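Nothing here was measured: the structure is a model prediction, and the numbers come from that model.
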Amino acid sequence: MHPINSNKKNTFSWLWLMVLTVISTFIGLAIDNKALFIFSVLFIVFLKGQQIIDIFMELSQAPQFWRRLLLGYVTLLPLIIGFIYIL
Amino acid sequence: MHREAELTLVGKNNGQILEKRLPGDLAMWFFILAELTVFAILFIGFAVAEQLNPEMFIEGKAKLHQISGLINTLTLITSSFFVALALNAMHKGEGQKSAKLLVVAKLVASVYIAVKVWEYMSLFEQNIDIETNTFFTLYFMITFFHLMHVLLGMVILIFIAVKASKNEYNASNISGYESGASYWHMVDMLWIILFPLIYVI
């Protein structure tokens, strides 16, 4: 039997993703520093990606190799994009 | 990869052994990795092009409707949420309920398609198309490529919803369902990178 996430956990994750989305859309109104703004938005991308990978995709209950591979994607890609923007 | 490497026992629940395993087919996960790689190249290409043409990209982004991007993000996240609920229902053997939740997921996702089409039409009305400049070439290319993935994901969801409604999945035969759900979550995950890159930063 494969362990499954509870509906409560999925609901919490969904609400958290909605909140993070609204924050990332309007965070520019609160932050003037360009680098801080870019990395704040990209950090939110990582947080959202982690929720989708661990909760919706259920990879927190999968072999660590696959979880780390996808978490690596939502960590490295925003970092690369961030450095391209600030360099 | 050996099947043994994909399975790890993680405990017991009401006497049933819980195993750590990759949800869905291994082939689907390789396909997902390939898709993620293609989009990573497009996203990095977009960021590099923006650094080379900063004024053009600022002007281009100002012509986009940020709220429509926000609505699309919220709809895809909500659609993914219903797919996660649908998979849970299927794990419990509730095929009919699972199929209904997938229909809700598809209805929510259809809002994304409607908004995207409206966005394209409003740009066309301003005489903006894929040939306008580098920004809009990349904008149309990346967003249309993503839209194609949404449409393919919806076809997959229809397919698994039909099978779920006929109770063709069970605890030992749910891999196809999980593969379809994982593909849909990948489409959602790509948009949460695409949205800030094109609409926010």
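- Counting all heavy atoms, side chain and backbone alike, Leu33(B) lies closest to Trp66(A) at CD1-CZ3, 3.6 Å.
- With chain A as partner, the option from Asp188(B), Leu74(B), Thr73(B) having the largest number of non-hydrogen pairs under 4.5 angstrom is Leu74(B).
- Of the atoms belonging to Ser40(A), not a single heavy atom falls under 4.5 Å from chain B.
- The two residues Ser24(A) and Val200(B) have their closest heavy-atom pair at O-CG1, 3.3 Å.
- Looking at heavy atoms from C-beta onward, Ile81(A) lies in side-chain contact with Phe43(B) at the 4.5 angstrom threshold.
- In terms of heavy-atom proximity, Met57(A) sits nearest to Pro23(B) at O-CG, 3.4 Å.
- Distance check, rounded to the nearest 0.5 Å: CG of Leu15(A) to CZ of Phe81(B) gives 7.5 Å.
- Between atom NE2 of residue His185(B) and atom CD of residue Gln51(A) there is a gap of 12.5 Å, rounded to the nearest 0.5 Å.
- Of the two parts of Phe195(B), only the side chain, counted from C-beta on, holds a non-hydrogen atom closer than 4.5 Å to a non-hydrogen atom of chain A.
- The contact between Leu17(A) and chain B is made by backbone and side chain atoms together, counting heavy-atom distances below 4.5 Å.
- The candidate from Leu36(B), Ile44(B), Ile32(B) with the greatest count of non-hydrogen atom pairs under 4.5 Å with chain A is Leu36(B).
- In this structure, OG1 on Thr21(A) lies 11.5 Å from CG on Asn72(B), to the nearest 0.5 angstrom.
- Looking at Ser172(B), neither its backbone nor its side chain comes within 4.5 Å of chain A, counting heavy atoms on both sides.
- For Gln64(A), the part sitting under 4.5 Å from any heavy atom of chain B is the side chain, from C-beta outward, and nothing else.
- A search for salt bridge (Lys or Arg N to Asp or Glu O under 4.0 Å) contacts involving Lys116(B) returns Glu119(B), not counting sequence neighbours.
- Pairing each heavy atom of Lys61(B) with each of Tyr85(A), the nearest pair is NZ-OH, 4.0 Å.
- At a 4.5 Å heavy-atom cutoff, Ile27(A) makes no contact with chain B through either its backbone or its side chain.
- When all heavy atoms of Lys48(A) and Ile77(B) are compared, the closest pair comes out as CE-CD1, 4.2 Å.
- Residue Phe39(B) touches chain A through both its backbone and its side chain, counting heavy-atom pairs closer than 4.5 Å.
- Neither the backbone nor the side chain of Leu76(A) comes within less than 4.5 Å of any heavy atom in chain B.
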For this session: With side chain to side chain contact (heavy atoms under 4.5 Å, CB included) as the test, would you mind laying out the steps for Leu70(B) and Phe26(A) before giving the verdict?
Result: CA-CA 10 Å; Leu70(B) 171 63; Phe26(A) 299 108; 4.1 Å; yes
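- Taking Ser80(B), Pro54(B), Gly69(B) one by one and counting their heavy-atom pairs under 4.5 Å with chain A, the maximum is reached by Ser80(B).
- Contact annotation for Leu52(B): neither backbone nor side-chain heavy atoms come within less than 4.5 Å of a heavy atom of chain A.
- Contact of Leu20(A) with chain B is not made at all, since no heavy-atom distance falls under 4.5 Å.
- Summarising the local packing, CG of Asp32(A) is surrounded by 12 or fewer heavy atoms from other residues, nucleotides or ligands at distances under 6.0 Å.
- Counted within 6.0 Å of CE on Met121(B), heavy atoms from surrounding residues, nucleotides or ligands total 12 or fewer; the atom is thus considered open.
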Exercise. Could you walk me through whether Ile193(B) and Tyr73(A) pass the side chain to side chain contact (heavy atoms under 4.5 Å, CB included) check?
Worked result: CA-CA 11 Å; Ile193(B) 302 171; Tyr73(A) 185 85; 3.8 Å; yes
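- For a residue to count as touching a neighbouring chain, one of its non-hydrogen atoms must lie under 4.5 Å from one of that chain's; by this rule Ile84(A) touches chain B with backbone and side chain alike.
- Nearest heavy atoms, Pro63(A) versus Leu22(B): CD-N, 3.5 Å.
- The most heavy-atom pairs under 4.5 Å with chain B, out of Val22(A), Leu70(A), Ile55(A), Ile53(A), come from Leu70(A).
- In this structure the side chain of Leu85(B) never reaches within 4.5 angstrom of the side chain of Trp14(A), judged on heavy atoms.
- For a residue to count as touching a neighbouring chain, one of its non-hydrogen atoms must lie under 4.5 Å from one of that chain's; by this rule Ala181(B) does not touch chain A.
- Other residues, nucleotides and ligands place no more than 12 heavy atoms under 6.0 Å from the CD atom of Glu55(B).
- Of the atoms belonging to Ser13(A), not a single heavy atom falls under 4.5 Å from chain B.
- Other residues, nucleotides and ligands contribute over 12 non-hydrogen atoms within 6.0 Å of the CZ atom of Phe39(A).
- Counting heavy atoms from C-beta on, the side chains of Val45(A) and Leu197(B) never come closer than 4.5 Å.
- For chain A, no part of Trp184(B) is nearby; none of its heavy atoms comes within less than 4.5 Å.
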